[in-house]
Amino acid sequence: MKGINEWVQNNKIKSVLIVLLTFYLLPLLIVHILYKLPTISTVFITKWTAGELIDYSVTFMAFLGTLALGGVAYIQNNRLNKINNDLIQHQYKPIITVSHSVDENNEREKFRTYYRTVERNKTGILINHGWSESQTYSHSAKLSFLNIGLGPAVNVQLFWYQLDSVDGISKLDEISKRNIDDFYEKVKYSNFTYIDNGITKNEPWQIFTDFSLGVNEDVNRLNLLLSFENNPSPFHSIIEIRYENLLGMKIKQLLYLGYDGKPNMLPASSVKVNNSSV
């Protein structure tokens with residue numbers, strides 16, 4: 001069977017001619033045999049003429065041909081629809097970049113800048129103070145989320161996780177000292193343990209409310225400024241940025257944020273759409 005498949009692949013024109021000749025000659029050959037050989041039973045004695053049998057065979061073959069053409073048209077239509085949907089998805093695809101520079105004196109930036117503190121209690125557990133629209137502390141880490149895609153990013157969510165390990169390095173402190181290829185492909189992270197309204201939790205920690213980023217400069221940016229106060233202690237973390245386009249396509253990016261007396265940050269990961277990188 002493998003040899004036949006290889007021959008067909010290497011001799012496509014001959015293969016097509018053989019199939020056409022077979023479909024043309026097979027009905028004639030069958031009719032010729034039926035009328036040439038004596039019947040072994042009266043059951044096989046037909047009242048049809050040879051012409052009628054050939055007409056029936058040709059009509060049936062034409063039906064098969066029409067059915068095949070319909071199948072091909074259906075498959076091609078599905079493929080074209082998929083290509084069209086992919087083009088539409090990419091046309092409206094948002095892409096979020098994260099910079100670490102915010103002009104706090106710019107009036108426009110003030111209206112889209114929010115604040116939160118990072119601190120631990122006496123036992124070393126992080127405390128969730130939520131976010132605020134008013135400045136309370138000096139800021140150590142500045143995260144400016146900017147949509148540079150062709151479509152708006154809707155239902156943007158920021159989840160904060162504890163970075164557990166990175167394949168290829170023995171200590172997380174090496175992250176700021178080494179250039180690690182495909183860094184975000186090698187990270188493993190888990191939920192933080194944190195205190196929220198006096199309750200200890202260990203679950204995905206959403207550190208800001210849902211928001212959207214448009215495509216023009218008035219609505220395509222949001223700034224989140226973090227201050228490290230009251231025993232923050234060194235840590236390594238991953239911020240998971242989840243969002244959708246207008247058609248509901250789910251997108252995810254990762255962002256590294258560390259602290260060892262001062263914040264350490266890396267550029268955000270590439271866009272992940274349905275487990276694929278774009």
Side-chain angles (χ1 to χ4, degrees), residues 94-100 114-121 123-131 139-146 153 155-178 180-197 199-211 213 222-244 250-277:
I95 299 175
I96 293 179
T97 63
V98 184
S99 65
H100 310 300
Y114 303 88
Y115 310 87
R116 72 173 298 134
T117 60
V118 179
E119 65 174 298
R120 299 179 187 267
N121 65 9
T123 61
I125 300 178
L126 286 167
I127 303 172
N128 181 20
H129 288 298
W131 56 273
H139 309 111
S140 301
K142 300 178 180 182
L143 306 176
S144 182
F145 300 90
L146 174 67
N155 301 326
V156 184
Q157 298 176 317
L158 305 177
F159 287 91
W160 200 18
Y161 295 94
Q162 174 177 285
L163 178 59
D164 298 320
S165 64
V166 179
D167 292 343
I169 64 174
S170 57
K171 296 181 180 180
L172 295 179
D173 293 338
E174 298 178 31
I175 293 174
S176 60
K177 303 173 184 177
R178 293 177 51 183
I180 304 172
D181 294 332
D182 302 322
F183 173 78
Y184 291 106
E185 300 295 330
K186 301 174 180 178
V187 299
K188 293 182 177 62
Y189 53 94
S190 60
N191 295 330
F192 269 119
T193 296
Y194 64 97
I195 296 176
D196 184 18
N197 293 324
I199 301 173
T200 301
K201 297 183 177 180
N202 184 266
E203 60 187 31
W205 185 359
Q206 187 170 357
I207 59 173
F208 192 71
T209 187
D210 291 12
F211 62 96
L213 296 175
L222 181 137
N223 306 313
L224 184 61
L225 277 58
L226 306 178
S227 60
F228 298 85
E229 308 288 339
N230 300 333
N231 187 33
S233 72
F235 68 84
H236 303 273
S237 69
I238 291 290
I239 296 177
E240 201 172 75
I241 309 166
R242 307 177 190 174
Y243 53 101
E244 301 176 5
K250 297 184 181 302
I251 303 169
K252 182 174 73 173
Q253 292 177 257
L254 302 180
L255 175 69
Y256 168 77
L257 172 64
Y259 181 81
D260 58 359
K262 62 180 180 178
N264 298 311
M265 292 165 280
L266 294 178
S269 71
S270 58
V271 171
K272 296 284 185 178
V273 180
N274 295 329
N275 297 321
S276 62
S277 177

For this session: Nearest 0.5 Å please: distance from the CD1 atom of I127 over to the OG1 atom of T117.
Result: 8.0 Å

Exercise. When you look at H100 and L143, which way does the side chain to side chain contact (heavy atoms under 4.5 Å, CB included) test go after all the steps?
Worked result: CA-CA 5 Å; H100 310 300; L143 306 176; 3.8 Å; yes

Problem set entry | Test item: side-chain donor near acceptor, Q162 and D164, under 3.5 Å | yes

For this session: Side-chain contact test, heavy atoms from C-beta onward, threshold under 4.5 Å: evaluate it for I241 versus L158 and give yes or no.
Result: yes

For this session: Evaluate the side-chain proximity of L226 to L257: yes if any heavy-atom separation is below 4.5 Å, no if none is.
Result: yes

For this session: Answer yes if the ring centres of F192 and Y161 are under 6.0 angstrom apart, and no otherwise.
Result: no

Problem set entry | Working for side chain to side chain contact (heavy atoms under 4.5 Å, CB included), residues K250 and Y243 | CA-CA 6 Å; K250 297 184 181 302; Y243 53 101; over 6 Å; no

Exercise. Do L224 and F145 touch side chain to side chain, with heavy atoms closer than 4.5 Å?
Worked result: yes

Exercise. So do the side chains of I239 and L254 get within less than 4.5 Å of each other, counting heavy atoms only?
Worked result: no

Exercise. What is the distance from atom OH of Y259 to atom OG of S237, rounded to the nearest 0.5 Å?
Worked result: 13.0 Å

Seminar exercise, completed: Heavy-atom closest pair (R116 atom, I207 atom, distance to 0.1 Å) is NH1-O, 2.6 Å

Exercise. Are D181 and K186 within salt-bridge range, i.e. N to O under 4.0 Å?
Worked result: no

Exercise. Are H236 and Y256 linked by a side-chain donor-acceptor pair shorter than 3.5 Å?
Worked result: yes

Seminar exercise, completed: Correct closest heavy-atom pair for P94 and E244 would be CG-O, 4.1 Å

For this session: Give a yes/no verdict on a cation-pi contact between R242 and F159, requiring under 6.0 Å between NZ or CZ and the six-membered ring centre and an angle within 45° of the axis.
Result: yes

Exercise. Side chains of L172 and L163: closer than 4.5 Å at any heavy-atom pair?
Worked result: yes

Problem set entry | Heavy-atom closest contact (P267 atom, Y184 atom, distance) | O-OH, 2.7 Å

Exercise. To the nearest 0.5 Å, how far apart are CG in L146 and OG1 in T97?
Worked result: 4.0 Å

Exercise. With a 4.0 Å cut-off, would you call K272 and E185 a salt bridge?
Worked result: yes

Exercise. Does NZ belonging to K201 count more than 12 external heavy atoms closer than 6.0 Å?
Worked result: yes

For this session: Spell out, as yes or no, whether a donor-acceptor pair under 3.5 Å connects the side chain of Q253 to the backbone of S270.
Result: no

For this session: Test side chain to side chain contact (heavy atoms under 4.5 Å, CB included) on W131 and Y115 and set out the steps.
Result: CA-CA 6 Å; W131 56 273; Y115 310 87; over 6 Å; no

Problem set entry | Pair Y189 and W160, ring centroids less than 6.0 Å apart | no

Exercise. When you look at L213 and I96, which way does the side chain to side chain contact (heavy atoms under 4.5 Å, CB included) test go after all the steps?
Worked result: CA-CA 9 Å; L213 296 175; I96 293 179; 4.0 Å; yes

